[in-house]
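Just so it is clear: chains get the letters A, B, ... in the order the sequence lines come, proteins before strands, and each one is counted from 1.
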Amino acid sequence: MKSEPDTFSIDDLKKKGVAGWDGVRNYQARNNLRTMQKGDQCFFYHSSTKIPAIVGLMEVVREAYPDSSADKPGWVQVDVKFIKAFSTPLSLEDIKGMSALKSMVLVKSSRLSVQPIKPEEWTFLLKKLDK
DNA sequence: GCCAACGTTGGC
DNA sequence: GCCAACGTTGGC
C-alpha cells in the first residue's frame with residue numbers, strides 16, 4: 001500500500017496505531033482493498049519521495065467499508081494497524097535490482113496504489129526487511 | 001520540474 | 001464503442 005510521506009507516513013501510522021486507509025480513487029486499487037481480509041498483513045510504501053521504499057509493516061484490522069471521505073458512494077477504505085517500521089527500508093532501486101522481485105506489480109505497474117504481492121515475493125521481502 | 005505511463009472524460 | 005484530449009501519478 002502506497003502513500004506519499006508528506007501526506008501520510010509510516011511515522012504518522014505509528015503515532016495513530018490504527019488508521020483508516022481512505023482516499024483511494026482508482027477502481028483497480030479499490031478492488032484490491034475489497035479482497036483484503038482481517039488479519040492480512042501488508043507493506044507500507046513511501047512514494048513520490050527522494051528514496052521511494054518499503055518502510056513498514058501493518059495489519060488489516062477492519063475489512064472494506066464505505067470511505068467517508070468520498071463525495072460519491074462506491075469507494076471503500078480499510079483500517080490498518082501499525083506493526084513496525086523497518087530499521088532499514090528497502091528502496092525501489094534495490095527492489096529493481098533483485099531478480100526474485102522482477103515481476104512485482106510495483107516494478108511492472110508502478111502507479112497502482114494498492115497492489116497484490118505474490119506469496120514468494122512476500123516471503124522474500126520479509127526475510128530481507130525484518131531482521 | 002520534466003515526462004512517460006496510465007486512467008478518465010466526453011464528443012462523435 | 002472509439003479515440004483524442006486532458007488529468008494524475010510517481011520516478012528521476
Quiz item: Taking everything shown except Lys118(A) itself, do over 12 heavy atoms lie less than 6.0 Å from its NZ?
Solution: yes

Quiz item: Just how far, in rounded Å, is P of dC6(B) from NZ of Lys2(A)?
Solution: 12 Å

Self-check item: Closest to side chain of Pro52(A), choosing from dG10(C), dG11(C), dG7(B)
Solution: dG11(C)

Self-check item: Residues Arg25(A) and Asp67(A) bridged, charged N to O under 4.0 Å
Solution: yes

Quiz prompt | N or O in side chain of Tyr45(A) less than 4.0 angstrom from dG11(C) OP1/OP2 | solution = yes

Quiz item: Do we see a donor-acceptor contact under 3.5 Å between the side chains of Asp12(A) and Ser9(A)?
Solution: yes

Quiz item: Separation of Arg111(A) atom CZ from dG7(C) atom P, in whole Å?
Solution: 14 Å

Quiz item: Roughly, in whole Å, what's the span from CD in Glu4(A) to C1' in dG10(C)?
Solution: 8 Å

Practice problem: Please say whether more than 12 non-hydrogen atoms of neighbouring residues, nucleotides or ligands are located less than 6.0 Å from CG in Leu126(A). | Solution: yes

Quiz item: Between dT8(C) atom P and Tyr27(A) atom OH, what is the distance in whole Å?
Solution: 15 Å

Quiz prompt | Nucleotide dG10(C), atom P - distance to CG of Leu92(A) in whole Å | solution = 12 Å

Quiz item: How would you label the contact of Ser48(A) with the nucleic acid (heavy atoms, under 4.0 Å): base, sugar-phosphate, or nothing?
Solution: base

Quiz item: NA contact type, Lys50(A), heavy-atom cut-off 4.0 Å: base, sugar-phosphate, or nothing?
Solution: nothing

Exercise. In whole angstrom, give the distance that lies between atom CZ of Arg25(A) and atom C1' of dG7(B).
Key: 15 Å

Self-check item: Whole angstrom value for the distance that separates P of dG10(C) from CG of Asp6(A)
Solution: 13 Å

Self-check item: Atom-to-atom span, CD1 of Ile51(A) to C1' of dG11(C) - whole angstrom
Solution: 13 Å

